[in-house]
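In this text the structure is predicted, and so the values were computed from the model without any measurement. Positions are given from 1, in the same order as the sequence printed here.
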Amino acid sequence: MQRSRPLLVVSLFASVFACRPDLPPGLDDLVPDSEFEIVDGTGSGFEAGQSLRLSTLQGKPVILDFWATWCGPCKAQHAYLGELKAQYGDRIEVLGVLYQDPPGNLASWLKHNETAFPTVLEPEGQLTKRFQVNGIPRLVMLSPERRLSWDMLGSWGRDSVTVRLHQMLDDDWSPR
């Protein structure tokens, strides 16, 4: 009987923590739908003020770039994601999610910088809360089925993003 106690403790521990809704999504978890407001529609058919639901982007990989105009490391990563969007075109979706940065700052930033994808706000902050975003840059990659493929805080390697995109697109390892 003593031998089953460690297994019981591990099972209880796993059960309690696997069901906690306050934990961020894990790899391959379905990411909840969320609504965004378009601040700048660059690189998309959207216009400022329009609403966009995450679920409408299903069917292709989605990259969520939580960033701010005042964040130095964010700017370099934002530029790289623009390069990816240019390479992959309509095969992927990229959204720049403004984090603790008023939309007015974006307008000023856009006068001196280019972007290749839309910038959005998350009015209800559902994903920001769910992913427990409390620092940036933060990159979240979703599969075409809206499942979490990657979640990275801070500077990340470009190769990691490219490899994941190729896997999700079932590519021949060369961007189109």
_Listed once per pair and sorted, the salt bridge (charged side-chain N to carboxylate O under 4.0 Å, His left out) pairs that draw on residues 79-90, sequence neighbours left out_ = Glu83-Arg158
*Is Asp65 reaching over with its side chain to a backbone N or O of Leu95, donor-acceptor style, under 3.5 angstrom?*
no
*asked:* Please give me the minimum heavy-atom distance between Leu121 and Pro103, naming the atom from each residue.
replied: CD1-CG, 3.6 Å
*Given Phe131 and Val140, is the side-chain contact (heavy atoms from CB on, under 4.5 Å) satisfied, shown in steps?*
CA-CA 9 Å; Phe131 279 98; Val140 174; 3.7 Å; yes
*Could you check if a side-chain atom of Arg147 sits within less than 4.5 angstrom of a side-chain atom of Leu142, using non-hydrogen atoms only?*
no
*With Glu124, which residues qualify under salt bridge (charged side-chain N to carboxylate O under 4.0 Å, His left out), at least two apart?*
none
*Taking the side chain as C-beta and beyond, is there a heavy-atom pair between Pro144 and Gln58 under 4.5 Å?*
no
*Would a line drawn from the ring center of Trp109 to the ring center of Trp70 be shorter than 6.0 Å?*
no
*How close do Leu165 and Pro61 get, heavy atom to heavy atom, and via which atoms?*
CD2-CB, 3.9 Å
_Partner residues of Asp151 under the salt bridge (charged side-chain N to carboxylate O under 4.0 Å, His left out) criterion, sequence neighbours left out_ = Arg138
_Heavy-atom side-chain proximity of Leu98 to Phe66 below 4.5 angstrom_ = no
*asked:* Just verifying a value: how many Å separate Lys129 NZ and Ser34 OG, rounded to the nearest 0.5 Å?
replied: 10.0 Å
*Got a sec, which pairs hit disulfide (SG to SG under 2.5 Å) with one end in residues 27-70, sequence neighbours left out?*
none
*Which heavy atom in Trp150 sits nearest to a heavy atom in Leu139, and how many Å separate them?*
CZ3-CD2, 3.3 Å
*For the residue pair Leu106 and Asp40, establish whether any side-chain heavy-atom pair is separated by less than 4.5 Å.*
yes
*Check whether any side-chain heavy atom of Met141 lies under 4.5 Å from a side-chain heavy atom of Met152, and answer yes or no.*
no
*Trace of the side-chain contact (heavy atoms from CB on, under 4.5 Å) decision for Thr115 with His78*: CA-CA 8 Å; Thr115 190; His78 194 82; 3.0 Å; yes
*Quick one: closest heavy-atom pair of Arg146 and Val31, and the distance?*
NE-O, 2.7 Å
*Is the backbone N or O of Glu47 less than 3.5 Å from a side-chain atom of Gln50, with the two atoms forming a donor-acceptor pair by type?*
yes
*asked:* Any heavy-atom pair between the side chains of Leu54 and Leu127 that's under 4.5 Å?
replied: yes
*Inter- and intrachain pairs under disulfide (SG to SG under 2.5 Å), touching residues 29-73, at least two apart*: Cys71-Cys74
*Any chance you could lay out the side-chain contact (heavy atoms from CB on, under 4.5 Å) test for Phe117 and Leu81, step after step, and finish with the verdict?*
CA-CA 9 Å; Phe117 50 88; Leu81 291 175; 3.8 Å; yes
*asked:* Taking the side chain as everything from C-beta on, heavy atoms only, tell me whether Val62 gets closer than 4.5 Å to Glu93.
replied: yes
_Distance-only side-chain donor-acceptor flag, Tyr88 / Thr162, under 3.5 Å_ = no
*asked:* To check you understand the geometry: which heavy-atom pair defines the closest contact between Tyr99 and Asn134, and what is its length?
replied: OH-CA, 3.3 Å
*Search all heavy atoms of Val94 against all heavy atoms of Pro118 and return the closest pair with its distance.*
O-CD, 3.5 Å
*Roughly how far, to the nearest 0.5 Å, is the CG atom of Asp29 from the OG atom of Ser149?*
12.0 Å
_Heavy-atom donor-acceptor pair, Ser44 side chain to Gly41 backbone, under 3.5 Å_ = yes
*asked:* Please enumerate all residues that pass salt bridge (charged side-chain N to carboxylate O under 4.0 Å, His left out) together with Glu35, with sequence neighbours excluded.
replied: Arg53
_I'd like to know whether Leu52 forms a side-chain contact (heavy atoms from CB on, under 4.5 Å) with Leu57, so could you lay out the CA-CA distance, the side-chain angles of the two residues, the decisive distance to 0.1 Å, and finally the verdict._
CA-CA 9 Å; Leu52 169 68; Leu57 303 177; 4.2 Å; yes
*asked:* Looking at Thr128, is its backbone amide N or carbonyl O close enough to the side chain of Glu122 to form a donor-acceptor pair, meaning the two atoms are under 3.5 Å apart?
replied: yes
*Do Arg91 and Leu169 come close enough that some side-chain heavy atom pair is under 4.5 Å?*
yes
